[in-house]
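See below for the structure under consideration.
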Amino acid sequence: MKPVILVTRKLPDAVEERLRRDYDPILNPDDVLYSSDEIIELSRGAGAILPCHTERFTAEVIARLPDSVRAIANFSVGYDHVDTAAAGERGLIVTNTPEVLSDATAELTMMLMLGAARRASEGERLVRTREWKDWSPSFMVGTQVTGKRLGILGFGRVGRVVAERARGFDMEIHYNDVKRMPTELEKGAIYHKTPGELMPHCDFLTLHCVSSPETTKLLNADLISLLPDGAVVVNASRGVVIDDDALIAALKSGKLTAAGLDVYNGEPDIHPGYRQLSNVFLMPHIGSATKETRVAMGFRALDNLDAIFAGEEPRDRVA
Ligand code: DGY
């Protein structure tokens with residue numbers, strides 16, 4: 001008998017085909033966003049759950065999962081939606097999908113950086129609403145990206161691909177991470193021991209750190225005050241790393257020129273202050289949303305499940 005897998009969201013056709021070939025999947029063709037109660041109910045008899053970051057596995061939810069469930073194989077690199085300590089205590093295997101989405105997320109990061117710097121939201125709105133009247137030397141003047149200093153907070157896989165792309169814009173790369181990277185990974189990037197030491201070197205700052213208690217509201221008023229006046233902030237990691245009130249205040253005061261955001265606290269119910277600002281370029285959490293990457297994420301989650309059901313250690317085990 002093939003193992004039963006509860007798949008919480010609609011996945012790409014190629015991924016669902018492989019699921020049907022190798023497993024007995026419970027699919028979600030209408031892509032309904034399930035409640036925790038529904039997930040618990042639907043997973044009765046399932047050997048594993050293949051969820052997205054849209055489903056939360058708190059300690060309470062994990063305690064109520066049926067005994068048949070052996071693993072949570074996430075369709076995401078981030079796994080802050082799973083209480084890994086509770087999962088570990090219960091003996092549940094948890095996996096994620098690293099690496100395969102680094103290129104797509106780095107592309108989106110570059111788009112946020114360019115969109116924020118070159119006032120993409122304002123420009124698009126002017127064209128669409130027919131408010132665009134003429135050209136003038138002072139019309140829609142933005143900030144140049146080329147040759148500027150880029151600070152990368154979190155120099156993991158995504159951060160390093162962002163550095164690679166930014167080098168194409170002749171940017172000088174600075175970074176902070178918990179420890180200094182080997183020279184071959186730094187590729188000339190300049191290390192700063194603390195986020196505070198990094199800030200003064202950032203004409204542009206992009207956040208690529210994982211969500212954890214240590215990184216919650218990491219970019220707060222104190223850190224923002226250390227950025228050069230007129231800096232641009234970009235976030236395609238998790239909303240929790242930003243103190244929204246502090247960022248909004250800095251965007252209003254002119255301390256920061258602009259921000260490009262793809263992720264938010266409480267998304268999709270984002271801080272209303274962002275919607276009122278013209279100097280923010282806002283995307284709806286689409287960092288990994290390319291056809292190629294979504295298939296690769298699904299296959300990576302399935303590789304992990306294959307290993308688990310073959311009694312092997314999955315490649316991307318996080319609990
Ligand atoms: C990830 O993989 O963590 C993306 O944010 C989508 O969930």
Side-chain angles (χ1 to χ4, degrees), residues 6-12 14-16 28 31-34 36 39 48-58 61 71-84 87 93-113 152-162 206-216 218-219 234-242 260-270 281-305 314-319:
L6 172 63
V7 183
T8 62
R9 305 301 300 264
K10 171 90 187 86
L11 298 183
V15 179
E16 294 198 344
N28 181 354
D31 203 26
V32 175
L33 184 57
Y34 296 138
S36 298
I39 288 175
I49 304 176
L50 199 166
C52 296
H53 79 271
T54 43
E55 288 80 49
R56 284 179 55 72
F57 291 85
T58 58
V61 172
I72 298 175
N74 290 297
F75 181 93
S76 64
V77 64
Y79 51 90
D80 47 311
H81 57 289
V82 180
D83 186 326
T84 47
I93 297 173
V94 182
T95 59
N96 71 340
T97 59
E99 294 158 9
V100 291
L101 40 64
S102 305
D103 283 331
T105 309
E107 277 180 13
L108 200 272
T109 301
M110 293 309 292
M111 175 175 148
L112 293 175
M113 202 184 306
I152 303 180
L153 196 41
F155 208 57
R157 299 178 193 91
V158 177
R160 294 198 300 271
V161 180
V162 170
T206 183
L207 303 158
H208 297 287
C209 32
V210 292
S211 151
S212 71
E214 294 73 42
T215 59
T216 298
L218 179 61
L219 189 69
V234 165
N235 187 17
S237 59
R238 284 291 186 262
V240 74
V241 302
I242 286 182
L261 306 174
D262 183 48
V263 288
Y264 310 85
N265 285 296
E267 60 188 48
D269 296 320
I270 69 170
F281 180 48
L282 306 174
M283 284 287 122
H285 198 149
I286 55 162
S288 62
T290 66
K291 294 187 206 94
E292 297 84 348
T293 292
R294 288 289 156 86
V295 171
M297 289 167 73
F299 281 3
R300 188 79 175 228
L302 288 180
D303 290 348
N304 287 318
L305 281 178
R315 181 173 173 191
D316 306 312
R317 184 167 185 170
V318 294

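Whatever order the structure lists them in is the order used to number ligands and atoms, beginning at 1. Side-chain atoms are counted along with the backbone in the values below, which use heavy atoms only and exclude waters and symmetry mates.
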message: Surrounding CZ of R56 (heavy atoms of other residues, nucleotides or ligands, distance under 6.0 Å), is the total greater than 12?
response: no
Heteroatom proximity flag, S76 to ligand 1, N/O under 3.5 Å: no
query: Please state which protein non-hydrogen atom is closest to atom 7 (O) of ligand 1 and give its distance, to 0.1 Å?
result: H53 ND1, 2.6 Å
- request: Have a look at V234 and tell me which of L108, V162, T109 forms a side-chain contact (heavy atoms from CB on, under 4.5 Å) with it.
  value: T109
message: Please report the interatomic distance CG(N304) to CD1(I72), rounded to the nearest 0.5 Å.
response: 13.0 Å
- prompt: Relative to the heavy atoms of H285, which atoms of ligand 1 are at a distance of less than 4.0 Å?
  reply: 4 (C), 5 (O), 6 (C)
message: Could you tell me if the side chain of R317 sits less than 4.5 Å from the side chain of I93, heavy atoms only?
response: yes
- prompt: Should you measure from each heavy atom of G78, which atoms of ligand 1 turn up under 4.0 Å away?
  reply: 1 (C), 2 (O), 3 (O)
query: Taking C-beta and beyond as the side chain, do N28 and T8 meet within less than 4.5 Å on heavy atoms?
result: no
query: Relative to the heavy atoms of L101, which atoms of ligand 1 are at a distance of less than 4.0 Å?
result: 2 (O)
query: Which protein non-hydrogen atom lies closest to atom 1 (C) of ligand 1, naming both residue and atom, and how far is it?
result: V77 N, 3.5 Å
